[in-house]
Amino acid sequence: MLRMRKFIILLAVGAALVASGDVPEAQQPAQPDAIVVGAGLAGLSAAVEMGRAGLNVLVLDMNSVAGGHAVLAGGVALVGTPLQEKNGVKDSSDAAYKDWMQWTVDADPQWTRFYVENSRAMIYDWVTAMGVEFVRVGGGQANSVPRIHFTKGRSIHLVMPIFKTALAMPNVSFVWNAKAERLVVENGRVQGVTVRHLRTGRTETLRAPHTVLATGGFESDLERVLANWTPSLPRPDRLLIGSAISATGSGHDMAVEAGAALSRIDRHYIYIDGLADPRDSQRIHALTGGNSRAIWVNAQGRRFTNENGFDKTILVDLLQQEPSSYWAVFDEAARENFGVRGAAWVQTPMDVHPILDNPDAAHKADTLEALAAKAKLPAAQLRETIARFNGMIEKGVDTDFGRFRGGQKPPTMIAKPPFYAVQFFPMTRKNMGGVAIDLQARVLNRAGQPVPGLFASGEITGSVGINGSHGMDGAFLGPAILTGRLAGRTIAELRRVTSSRDLSQAPAGRILSDATPSATLPSRTAADLQPLLAKPRDGFWHFEVSHKTVVERKYECTLCHTAQLPFAPITTTTQREAQTQVCFNCHDR
Ligand SMILES: Cc1cc2nc3c(=O)[nH]c(=O)nc-3n(C[C@H](O)[C@H](O)[C@H](O)COP(=O)(O)OP(=O)(O)OC[C@H]3O[C@@H](n4cnc5c(N)ncnc54)[C@H](O)[C@@H]3O)c2cc1C
Ligand code: HEC
Ligand code: HEC
């Protein structure tokens, strides 16, 4: 009997999935004024800007949910804001310009100047008016005063208010699970885009006089990163992936095919704290993690850098090691200081830790000799390195790498068994170069001329080169908003000039497919998810990662699902709005 009931439920879930296909939440406007490819921070900012100017906008995304990388990100660098003032921070665009040009070495001076002068009005004021609340401002490696603005939790609190603003606009429509594959170029002008609906395989050509590429970077394509490796840096022996499955450069390819130039394409923000995700059978996807109380040793068992130094310095030190990897070594007393980031990891238990207590992910032993044997490190050297480090703690000065010196509180000694060794690798994260645009976010060709009909914003542009040769904290989210707005503004301006249509009229073409959600929610359990999660399906990536987390954490379905949010793909904007309320269960920290 029970089995029968389950079977019927499965059928119902399955039928809902098949029947739904790629239902757009709103009927697509017959003639959008602009298509935005990518519903990350940049694409959403462009959509809001154009939506407010009265344009009909169609936003597509290959994912089933909005936000892109910003969902997982931290803070945004802003200059001369009320929050800084409130915290007694004296800042000016000149001071920021000076700090940033110095840190980055060779950032684009024009964009850097534009950013430091406009971040307050174009980012801070704009997003706070939409309900974003910045709660704290912090320092960053490149900054002489605190400039990194944080919302509570992660920057999902920055991107969701922008998404909700776009969602509330009747002239902005979204199509999910739709991957843009090629730009339509006719008569020397970009006229739209060909998309593949991932859940059904159907392809379709969508047309508009203006197209904004906001597809993000390509840091998940390791081959592409290595083919465009920074010439001045040694090449890593092993590099892990630190960004999302969408970040493969599909937007770059489309732009280049339409004639776009690339600039600074060999600049990457490579992180130094990648840890191979033990849940990834291929061990190429990284988690970021670390322990502030660890020492880092190379394959020879020696320290090689100041673990607390600037990451741009550490990166060079790390890439010079053979192989370019290190082991973070610490003791039981420092166990609780070990941290892992990522939505699936925020509630990592300390009692049976999925990394520290997992022999496939970390080494743990009662003596340093046993630890060295497990990690294949030279035992005598490891013992000597730790003895030396403990000795320097006693004297109060790190005479080798300057991690601590007289007058500072030294770290604690590495002495209490069991001991841990966790291996780290360099990891890709952010592009600092990309599709060339001008200050109006028009894509430029190799002759420096605009490609008609084509715009780009966000990380696809390499965050407009303001990170130069060395990435800065918070200097990616900000450019995504800024360049998204610029693209939107330019298109709105062009539309105003060329369109005979009265844009003050209520925008046409939005018919909601607002089916009333069923009043009651059938009961479901984790077992119902099994067949849906059994093997990866195209267009279901986020459903799969999120519901694996649901199963792992033993969440009740009703924690998120209600009559408003049934066990089915979203078909209405009302449901989509309701859905944004449940994201924080996993993306808050
Ligand atoms: C873990 C992490 C932490 C970070 N922390 C910070 C931070 O603290 N501060 C900071 O400033 N920056 C940070 N960044 C970088 C920052 O988040 C990104 O640079 C920024 O969010 C990029 O926004 P975007 O809209 O340009 O691109 P993305 O966020 O990458 O969005 C691109 C969107 O386009 C979609 N897409 C891609 N290709 C296609 C296609 N062909 N067809 C249809 N849709 C497509 C994707 O699904 C995605 O939704 C972090 C990045 C990561 C990964
Ligand atoms: C913590 C919040 C949360 C919980 C708990 C949760 N879900 Fe979901 N569910 C979501 C979100 C968010 C989506 C949209 C996911 C997406 O499109 O990527 C969703 C979507 C779905 C879908 C539709 C997928 C599609 O075809 O687009 C099904 C089916 C589903 N959930 C089943 C379940 C079942 C069964 C449970 C309980 C075992 C459950 N969910 C528990 C948040 C949750
Ligand atoms: C039940 C947990 C859960 C819920 C609820 C959830 N997510 Fe996620 N989401 C994840 C996991 C796990 C990942 C994979 C990334 C990671 O491990 O950090 C992810 C990844 C993402 C990504 C890709 C990030 C990138 O790097 O580009 C986006 C965008 C995203 N989620 C948006 C949302 C939105 C919007 C909602 C609410 C509608 C939501 N998520 C709800 C668990 C969840």
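Read the numbers this way: they start at 1 and go in the same order the structure lists the ligands and their atoms.
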Review point. Hey, is F540 one of the residues with a heavy atom under 4.0 angstrom from ligand 2?
Key: yes
Review point. Measuring from the heavy atoms of E544, does anything fall under 4.0 Å of ligand 2?
Key: no
Heavy atoms only, cut-off 4.0 Å: how does [X] contact ligand 1, side chain, backbone, both, or neither?
X    : value
T288 : neither
E181 : neither
A244 : neither

Considering only protein heavy atoms, which is closest to [atom], and at what distance to one decimal place?
atom                    : answer
atom 34 (C) of ligand 3 : C583 SG, 3.5 Å
atom 15 (C) of ligand 1 : K430 CE, 3.6 Å
atom 34 (O) of ligand 1 : G38 CA, 3.2 Å
atom 13 (C) of ligand 3 : V545 CG2, 3.6 Å
atom 7 (C) of ligand 1  : G74 N, 3.5 Å
atom 41 (N) of ligand 1 : S250 OG, 2.9 Å
atom 47 (O) of ligand 1 : D61 OD1, 2.7 Å
atom 42 (N) of ligand 1 : A180 N, 2.8 Å
atom 12 (N) of ligand 1 : F476 CB, 3.3 Å
atom 10 (C) of ligand 1 : L477 CG, 3.3 Å

What do we get for [X] next to ligand 3 when only non-hydrogen atoms under 4.0 Å count, side chain, backbone, both or neither?
X    : value
H547 : neither
F163 : neither
K548 : neither
I156 : neither

Going by the atom numbers of ligand 1, which of them fall below 4.0 Å from some non-hydrogen atom of [X]?
X    : result
A42  : 25 (O), 26 (O)
A475 : 11 (O)
A70  : 17 (O), 21 (O)
A214 : 32 (C), 33 (C), 34 (O)
G458 : 26 (O)

Exercise for review: May I ask you to check whether Y115 and D108 show a side-chain donor-acceptor distance below 3.5 Å?
Suggested key: no
Check your understanding: Side chains of W100 and N143: is there a donor and an acceptor less than 3.5 Å apart?
Key -> yes
Check: [X] side chain, [Y] main-chain N or O, donor-acceptor pair, under 3.5 Å:
X    : Y    : result
E133 : K152 : no
S64  : N177 : no
S155 : T151 : no
D528 : T525 : yes

Exercise for review: Pick whichever of A527, C557, S64, S546 has a heavy atom sitting closest to atom 36 (C) of ligand 2.
Suggested key: C557
Check your understanding: Any idea which atoms of ligand 3 are less than 4.0 Å away from a heavy-atom of A66?
Key -> 29 (C), 32 (C), 35 (C)
For [X], is the nearest heavy atom under 4.0 Å from an atom of ligand 1?
X    : result
S155 : no
L41  : yes
A247 : no
G75  : yes

Are any of the N/O atoms on [X], whether in the backbone or the side chain, positioned under 3.5 angstrom from an N/O atom of ligand 1?
X    : result
A480 : no
E459 : yes
G43  : no

Point to revise | N, O or S atom of C586 closer to atom 8 (Fe) of ligand 3 than 2.8 Å | key: no
Point to revise | Under 2.8 Å: N/O/S of H561 next to atom 8 (Fe) of ligand 2 | key: yes
Report the part of [X] (side chain from C-beta onward, or backbone N, CA, C, O) that has a heavy atom under 4.0 Å from ligand 2; answer both or neither where that applies.
X    : answer
R199 : side chain
I570 : neither
F543 : both

Review point. Which angle, to 10 degrees, forms at atom 8 (Fe) of ligand 3 with NE2 of H542 on one side and NE2 of H587 on the other?
Key: 180°
What atoms of ligand 2 come closer than 4.0 angstrom to any heavy atom of [X]?
X    : value
R524 : 35 (C)
T525 : 38 (C)
Y555 : 1 (C), 5 (C)
C560 : 1 (C), 2 (C), 3 (C), 4 (C), 5 (C), 42 (C), 43 (C)

Review point. Angle class for the H149/F134 ring planes (parallel below 30°, perpendicular above 60°, tilted otherwise)?
Key: perpendicular
Check your understanding: Judged by non-hydrogen atoms, does N585 sit under 4.0 Å from ligand 3?
Key -> no
**Study point:** N or O pair under 3.5 Å between S246 and ligand 3
**Key:** no
